[in-house]
Amino acid sequence: MKYHFKDLGLSNTKEMFEKANKEGYSVPAFNFNNLEQVQGIIEACVETGSPVILQVSKGARNYIGKEMVPFLAQAAVAYARAMGSDIPVALHLDHGPDFATCKDCIEYGFSSVMIDGSHHAYEENIKESKEVAEFAHSHGVTVEAELGVLAGVEDDVVADAHIYTQPEEVEDFVKRTGVDSLAIAIGTSHGAHKFKPGDNPKIRLDILEEIEKRIPGFPIVLHGSSSVPKKFVDLMKQYGGEIADAIGIPDEQLRLASKSAVAKINVDTDGRLAFTAGIREALAKNPKEFDPRKYLEPGKNYMRDFYMEKIKTVFGSEGAYKKGSK
Ligand code: G3H
Ligand code: 13P
Ligand code: ZN
């Protein structure tokens with residue numbers, strides 16, 4: 001064990017999810033790849049008093065460097081405390097592809113991991129998820145697994161169509177694996193192109209309801225939940241970006257899901273769009289600028305402001321903990 005999450009000031013997701021389900025909100029899980037995204041996420045969550053899950057994919061961890069990730073997360077906690085806030089911060093592996101990656105993350109300070117066996121056959125998914133849960137729990141780390149397949153791109157896995165989670169499988173799956181939360185497929189998908197123009201952008205809240213009945217109170221996770229705000233798509237285009245037919249999940253549907261047993265909602269694409277729109281705008285308006293602080297900060301601020309809005313209107317997690325300010 002190189003670093004234990006508790007020594008970095010991080011929290012696992014157990015109490016976060018219990019409180020979220022009791023109080024009818026969901027915990028935001030925001031992906032990051034760099035320092036400015038961490039700053040934006042923490043500032044948004046501190047200013048609203050929301051708990052937060054900082055998550056990195058395997059690709060993002062390779063990009064940042066696995067030695068850097070635990071210290072960025074430790075710095076995030078210190079930053080929140082310095083602003084006077086007591087929000088819990090988790091460091092989570094998003095879409096862990098196998099046992100070895102999950103184990104390595106646990107040994108490098110992660111407080112939570114996802115084992116994504118959703119592309120395996122049912123029994124193989126159970127076997128792998130159970131193996132990860134046993135190892136993780138021996139270190140106090142919480143585990144998310146997935147049943148059903150989201151359409152779109154997930155790291156290296158590309159699926160053309162949704163394979164909705166089958167409610168009749170969930171009880172057996174959570175019992176036999178011992179995992180702490182379950183990601184389900186109900187029509188959300190990764191990336192900026194979730195629906196086609198003319199589609200009715202609806203997720204299957206009826207399947208969610210059916211799943212809740214089978215495992216009452218068990219924390220459910222929604223992936224692929226960016227709303228793809230038109231204002232950032234338009235800004236991207238205005239300042240030279242190319243992004244056609246980008247349509248996300250309507251906020252009202254996510255708000256309904258948040259009030260249910262959904263305890264964690266994943267958002268990455270919205271942050272990427274806000275960050276990139278801010279950078280494009282700053283560079284286009286100041287062509288002589290080459291100080292990275294001057295064009296990265298506007299991107300960070302767009303991301304922070306958007307996440308604050310989302311916490312208030314979608315996650316419902318505002319004020320769950322003590323607010324702070326810069
Ligand atoms: O679900 C995927 C996340 O948005 C992470 O994407 O693998 O490109 O870092 P990434
Ligand atoms: P989006 O692409 O909708 O932001 O989803 C992110 C996600 O699910 C990360 O695991
Ligand atoms: Zn995902």
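Ligands are counted one by one from 1 in listed order, and the atoms in each one are counted from 1 as well. For this chain, numbers begin at 1 and follow the sequence in order.
More than 12 non-hydrogen atoms from other residues, nucleotides or ligands lie less than 6.0 angstrom from NZ of Lys66. Within a 6.0 Å radius of CD in Glu297, other residues, nucleotides and ligands contribute 12 heavy atoms or fewer.
Within the 4.5 Å cutoff, the side chain of Arg280 has no heavy atoms near those of the Gln238 side chain.
Counting heavy atoms under 4.0 Å from ligand 2, residue Thr188 does not touch it at all. Under 4.0 Å from ligand 1, the heavy atoms of His95 that appear belong solely to its side chain. Contacts of Met114 with ligand 1, taken as heavy-atom pairs under 4.0 Å, are absent altogether. Here Asp94 has side-chain heavy atoms under 4.0 Å from ligand 1, and that is the only part of it that gets that close. At a 4.0 Å heavy-atom cut-off, ligand 1 does not touch Asn266 at all.
Every atom of ligand 1 with a heavy atom of Ser57 under 4.0 Å away is listed here by number and element: 5 (C), 7 (O), 9 (O), 10 (P). Counting atoms of ligand 2 from 1 in the listed order, those under 4.0 Å from a heavy atom of Gly191 are 2 (O). The ligand atoms of ligand 1 that sit less than 4.0 angstrom from a heavy atom of Arg272 are 5 (C), 6 (O), 8 (O), 9 (O), 10 (P). Shown in contact with His223 at under 4.0 Å from a heavy atom are these atoms of ligand 2, numbered in order with element: 8 (O), 10 (O). Near Val267, meaning under 4.0 Å from any of its heavy atoms, are these atoms of ligand 2: 4 (O). Applying the 4.0 Å criterion to heavy atoms of Asn31 picks out, from ligand 1, the atoms 3 (C), 5 (C). Ligand 1 places these atoms under 4.0 Å from at least one heavy atom of Asp268: 3 (C), 4 (O), 5 (C), 6 (O).
For atom 2 (O) of ligand 2, the closest heavy atom belonging to the protein is Thr269 OG1, 2.6 Å. Protein heavy atom nearest atom 9 (C) of ligand 2, with residue, atom name and distance: Asp94 OD2, 3.1 Å.
Aromatic ring orientation, Phe99 versus Phe135: perpendicular (interplanar angle above 60°, classes split at 30° and 60°). Below 30°, between 30° and 60°, or above 60°: for Phe30 and Tyr307 the angle between ring planes is below 30°, a parallel geometry.
When only interatomic distances are considered, the shortest N/O to N/O separation between His190 and ligand 1 falls below 3.5 Å. The shortest N/O to N/O separation between Ser225 and ligand 2 falls below 3.5 Å. Residue Gly224 has at least one nitrogen or oxygen atom sitting less than 3.5 Å from a nitrogen or oxygen atom of ligand 2, judged on distance alone. Residue Asn266 has at least one N or O atom closer than 3.5 Å to an N or O atom of ligand 2.
His223 contributes ND1 as its N, O or S atom closest to the Zn ion (ligand 3).
The closest side-chain donor-acceptor pair between Tyr25 and Glu318, if any, does not fall under 3.5 angstrom. For the residue pair Lys127/Asn125, the side-chain donor-acceptor check at 3.5 Å is not satisfied.
For the pair Arg61 and Tyr108, the cation sits on the ring face: its NZ or CZ lies under 6.0 Å from the ring centre, inside 45° of the axis.
Pairs of residues two or more places apart, or lying in two chains, that qualify as salt bridge (Lys or Arg N to Asp or Glu O under 4.0 Å) and include a residue from residues 22-39 are Lys19-Glu23.
Across Ile249 and Gly224, no two heavy atoms sit closer than the pair CG1-O, 3.7 Å.
The closest approach between Lys194 and ligand 2 falls below 4.0 Å for a heavy atom of the residue.
Between Tyr295 and Phe290, the distance from one ring center to the other does not fall under 6.0 angstrom.
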